[in-house]
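Notes to accompany the following structure.
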Amino acid sequence: MFSRLSYTFREMWASLRRNFTLTAAAIITAAVSLFILGLTLLVLRGFDNQLSQWSGGVELIVYVENDATPEQLQVVRDALESNPAVIDVDKLEYLDVDASLAEAQRLFAGDPETLQLLTAENIPTQFKVVPQPDASAELLTEIASSYKERLPKVISVAFPSKQIDVLSTLRGVVQFVLYLITLILLFSAVLLIWNTIRTAMFARRREIEVMKLVGATNWFIRVPFMLEGLIQGLVGAVFASGGVLTANWYWTSTVQSFPPDSGFGAFVVTGNYPQWVVFWLIVLGMLVGAIGSGTAASKFLDV
Amino acid sequence: MFSRLSYTFREMWASLRRNFTLTAAAIITAAVSLFILGLTLLVLRGFDNQLSQWSGGVELIVYVENDATPEQLQVVRDALESNPAVIDVDKLEYLDVDASLAEAQRLFAGDPETLQLLTAENIPTQFKVVPQPDASAELLTEIASSYKERLPKVISVAFPSKQIDVLSTLRGVVQFVLYLITLILLFSAVLLIWNTIRTAMFARRREIEVMKLVGATNWFIRVPFMLEGLIQGLVGAVFASGGVLTANWYWTSTVQSFPPDSGFGAFVVTGNYPQWVVFWLIVLGMLVGAIGSGTAASKFLDV
Amino acid sequence: MIKLENVTKSYSTEVTALQDASFDVAKAEFVFLVGPSGSGKSTLLRLMNRQEKPEKGEVWVAGRNINDMPDAKVPHLRRNIGNIFQDYKLLANKTVFENVAFALEVIGRPKHVIRQQVPAVLDLVGLSGKQERFPHQLSGGEQQRVSIARAFVNRPLILLADEPTGNLDPTTGEGIMRLLDRINKTGTTVVMATHDQRIVNMMRKRVIQLDRGIIVRDQARGVYE
Amino acid sequence: MIKLENVTKSYSTEVTALQDASFDVAKAEFVFLVGPSGSGKSTLLRLMNRQEKPEKGEVWVAGRNINDMPDAKVPHLRRNIGNIFQDYKLLANKTVFENVAFALEVIGRPKHVIRQQVPAVLDLVGLSGKQERFPHQLSGGEQQRVSIARAFVNRPLILLADEPTGNLDPTTGEGIMRLLDRINKTGTTVVMATHDQRIVNMMRKRVIQLDRGIIVRDQARGVYE
Ligand SMILES: Nc1ncnc2c1ncn2[C@@H]1O[C@H](COP(=O)(O)OP(=O)(O)OP(=O)(O)O)[C@@H](O)[C@H]1O
Ligand SMILES: Nc1ncnc2c1ncn2[C@@H]1O[C@H](COP(=O)(O)OP(=O)(O)OP(=O)(O)O)[C@@H](O)[C@H]1O
Ligand SMILES: [Mg+2]
Ligand SMILES: [Mg+2]
């Protein structure tokens, strides 16, 4: 068994070295495609963070002062619920101090200066308002602007439908272009790994011929090649992962160096999302390697 | 001579077809790298348009009404020049109606609705102000905000140092990341073209051997291979160019669908800049092909 | 040991490489296949180790019909058959020892078996002092001895040799023939394709002669003709 | 036509492939190079068309010292030398006609010359009816005739043949020898390496015998020995 393993690795390593440029090209292409995929996932997550305040159809937020009494809050709620033709009352949601603080953590992740200023004593609480699908924008604007004067403790009413549109469109463009590039490059990576394995098998066709003649099984012949492809995918994924983590760190520190309140605060990705991305990149890299080498090893074994 | 040409093309074409996957991978990689390069150039150009209002160290713009008389303009100019400690008087620049209209063409290229509203009769003219390098931001803000009340015909004073900082930093990040990816992929494309040529020559080593034995010159043997590499680079560049033009068109129409005044109006690229980008992509693609195939053809001819 | 029954094989519609061939080879027999170029000698040998399948007829090796043997069993069939070729088919980047050991390694023989059997077989073919040389450091005859050692190290029941003396000068070729004869005397069946007249005439073994895919002569103790 | 003066060639420090070889080959002469495997026959032939350079000594071909010939001139040297090999070196994806025409195409001969010379030379080697066949549709002997046609189509001064009958059965081999003899009689110098005893004895030409890189015999109208 040990001799078998050492045979497999010895052969694989020799083959990797012999085909150096093709191997390098395959690894580079796999790495770049996975890197772009990783970036895409992070950028989309940034957009989602930025838009998360507005998720679920929320188009209007009424900010209420931190020290509003339950009675004052009820007045606001009543006012909002008095317009069921314009506002979807079932989806009306109130974020109390804790929920608002939790949201701020996400929104100002890249803007610690602003975040520091928000405490349980001063953070505004919010009513998130989903309009009826057929409510006219003008009517909504009119109602919204009247709240600030009419209702107690209301700090401001946010109704940034334009920016939301722009951001969502941008998100769509970025998603489309980057996924397209990723897909094309991943395809190229599969082709290349397929090709390095084909080349590796061709370079060793005399050995393969002899192996078959002395009675080696097909699996015995195939495994080192498949492993070789797997490792190319894996190495590509490892490079990509390093790149993605570095890029994320670089971007986070760039955003933190922006002036406070630049509007990019939510555009950083935190928590263990980057680790998840890396995990999936590595899985995908190995998959790409396995597909490329597996098909090549099956196809060219009977030549 | 004609027989020579037809020989060259026949051999090249046969070789391209034989090595289909490797050729495809080489072309894809070349195309994607050049496509990303093209995108990079367009995106950077977008940033530059967006920032062009503020180029040359301009940090403050005083907008003056269209119908201001020369005397009124002189009052504004005198006020600006009275603060040589804060404002760099030598770099003070006045954009009259024509110059402002020209600038607006650039700034609102992607926002025709806004652009339409601006005519020679209503467009504000502008004083572009470059502060002294050591002028404190507070002092500048103070002076700037006093202008609007004190001076005749001044509509507004723009002093968006934060946004400029953010935009320039973003531009730097985008430039760095995209150039890096481009460079890595271009390197990979050279490797791949080198490799397809090596593979092509290896696949035809018997023919090459016979050709050398019957007295063909090295150049005769080499030229079809070099042409093959050149064509791979060229085809990659053509795909990339198509992609870049499509992407530019897609982006332009996306920006135009944004609500007016979204802030992205200047982010589209117009004029013949896209054509220039395409021209250079094609030159670069052929260069990549020539480098890859030329080195391979020289290296492996004496095997 | 080997039995062909009405075997026909053609590669394309034009060429019939072998037509209606039937014969029996007993255990420990030595058979020459002779005939002009393209008459089907190599094809016959390739049918015997399932490198090719016949269109018609049956091929039996060691008591088993190898036509309808599943592909997965073929490696085990081949472990009973040694192959020798005109161009030796040695691996240039491996030493003599490694070339022979390779044949045992790839069928999963443990290290200690390899360390014992390889020197023994190299001794048999007369190469004990040259274990660490590479093929290009050997004469053609010595290279062919390495390839015989590799074919024989697993003590197969059958040796198939396709023009093993084709690249060798007459003296060296004779040495190889004496070695094959010695191996044959240990009980190994040997089938050898050749067009070396001298050798066939010298050995006086059974001769099967082919002409354009047809067996035209099958003679015990025959000559080249 | 060919002159070697004290030529020594070794590929590595261990093996001296050729040592201090000197001889002259006159125009229209026919020379056999014989000797056991590895004695340096192929090396000698490769020195004559500058596939190899000697370490010591000088090689003259057609009155020119080819050692210090610049690389760029080598193609023109080779246009005066035809080469024939044991394995034919035909291009499998080209027909007989195309294989021969290829040799003219790659040295830039115009189409009308090709259309005239190729059929003529195919006629000479006796393949006029088989122009459109592919190599695998021919017997070994026929393939070797194609390779001779290719080597001769440009009417070279010299033909170098490295074991041209090595893969052929005796009858076919004799046919090839008669063809080479005919070509030789047209004034072409022929140098042929072989270890086919029978052929050397049959032809009775000049024989140069090598042993481990040393010329041990140079005999007019010699036999194999
Ligand atoms: N892989 C193949 N594909 C197509 N035809 C083939 C193939 N192998 C052999 N043939 C044809 O089958 C016939 C028999 O060939 P085979 O190689 O068995 O002859 P042979 O007696 O071994 O000849 P030689 O003495 O030249 O080795 C020939 O006509 C040959 O052209
Ligand atoms: N390319 C090479 N690299 C290293 N050594 C070589 C090379 N070619 C030949 N040799 C060595 O040079 C010596 C002479 O070889 P050569 O091929 O000239 O012999 P030969 O007489 O043609 O033999 P054969 O009859 O087997 O063809 C041999 O020892 C051989 O191993
Ligand atoms: Mg054969
Ligand atoms: Mg030789």
Side-chain angles (χ1 to χ4, degrees), chain A residues 1-23 196-231 293-303, chain C residues 45-46 48-53 61 69-85 87-94 98-115 135 146-162:
Chain A
M1 197 56 219
F2 175 72
S3 122
R4 170 73 201 263
L5 257 185
S6 88
Y7 163 82
T8 303
F9 277 97
R10 188 153 36 87
E11 292 305 311
M12 195 195 68
W13 179 242
S15 172
L16 279 176
R17 285 202 335 194
R18 185 159 354 165
N19 257 311
F20 185 71
T21 54
L22 198 49
T23 305
T196 46
I197 300 311
R198 187 181 75 150
T199 311
M201 295 188 81
F202 185 76
R204 296 184 51 217
R205 66 197 176 289
R206 295 213 57 175
E207 263 157 285
I208 292 176
E209 189 190 353
V210 170
M211 286 163 89
K212 296 186 89 170
L213 280 175
V214 299
T217 61
N218 280 354
W219 276 108
F220 184 88
I221 302 174
R222 210 179 269 147
V223 164
F225 293 107
M226 294 184 60
L227 216 59
E228 184 183 336
L230 205 75
I231 287 202
S293 59
T295 49
S298 305
K299 174 152 186 216
F300 294 104
L301 200 51
D302 298 304
V303 173
Chain C
L45 293 177
R46 280 206 296 272
M48 294 178 190
N49 63 6
R50 252 285 286 260
Q51 283 184 277
E52 304 282 356
K53 276 183 168 188
V61 172
M69 179 180 268
D71 281 351
K73 287 268 177 76
V74 172
H76 297 93
L77 165 72
R78 294 204 182 136
R79 293 177 191 187
N80 292 317
I81 303 176
N83 288 280
I84 305 163
F85 300 94
D87 58 357
Y88 324 134
K89 295 203 199 290
L90 298 179
L91 303 178
N93 56 345
K94 291 192 192 296
E98 287 165 351
N99 262 289
V100 178
F102 186 69
L104 294 176
E105 254 175 60
V106 300
I107 60 172
R109 291 282 179 280
K111 273 239 159 67
H112 65 94
V113 172
I114 294 175
R115 265 196 298 266
V146 178
S147 103
I148 294 175
R150 182 178 64 194
F152 192 62
V153 66
N154 199 27
R155 308 287 149 158
L157 300 169
I158 300 168
L159 267 193
L160 304 178
D162 197 351

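Under a cutoff of 6.0 Å and an axis angle of 45°, A:Arg205 and A:Phe202 form a cation-pi pair.
Distance check, rounded to the nearest 0.5 Å: CG of C:Asn83 to CD of A:Glu209 gives 9.5 Å.
Residue with the most contacts toward chain A among C:Lys89, C:Gln51, C:His76, C:Arg150: C:Lys89 (heavy-atom pairs, distance under 4.5 Å).
Of the atoms belonging to C:Leu77, not a single heavy atom falls under 4.5 Å from chain A. Residue C:Leu104: no heavy atom, backbone or side chain, is found under 4.5 Å from chain A.
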Could you please spell out the steps behind the side chain to side chain contact (heavy atoms under 4.5 Å, CB included) verdict for A:Trp219 and A:Met226? CA-CA 10 Å; A:Trp219 276 108; A:Met226 294 184 60; 4.0 Å; yes
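For C:Glu52, the salt bridge (charged side-chain N to carboxylate O under 4.0 Å, His left out) criterion is met by C:Lys9, C:Arg46, not counting sequence neighbours.
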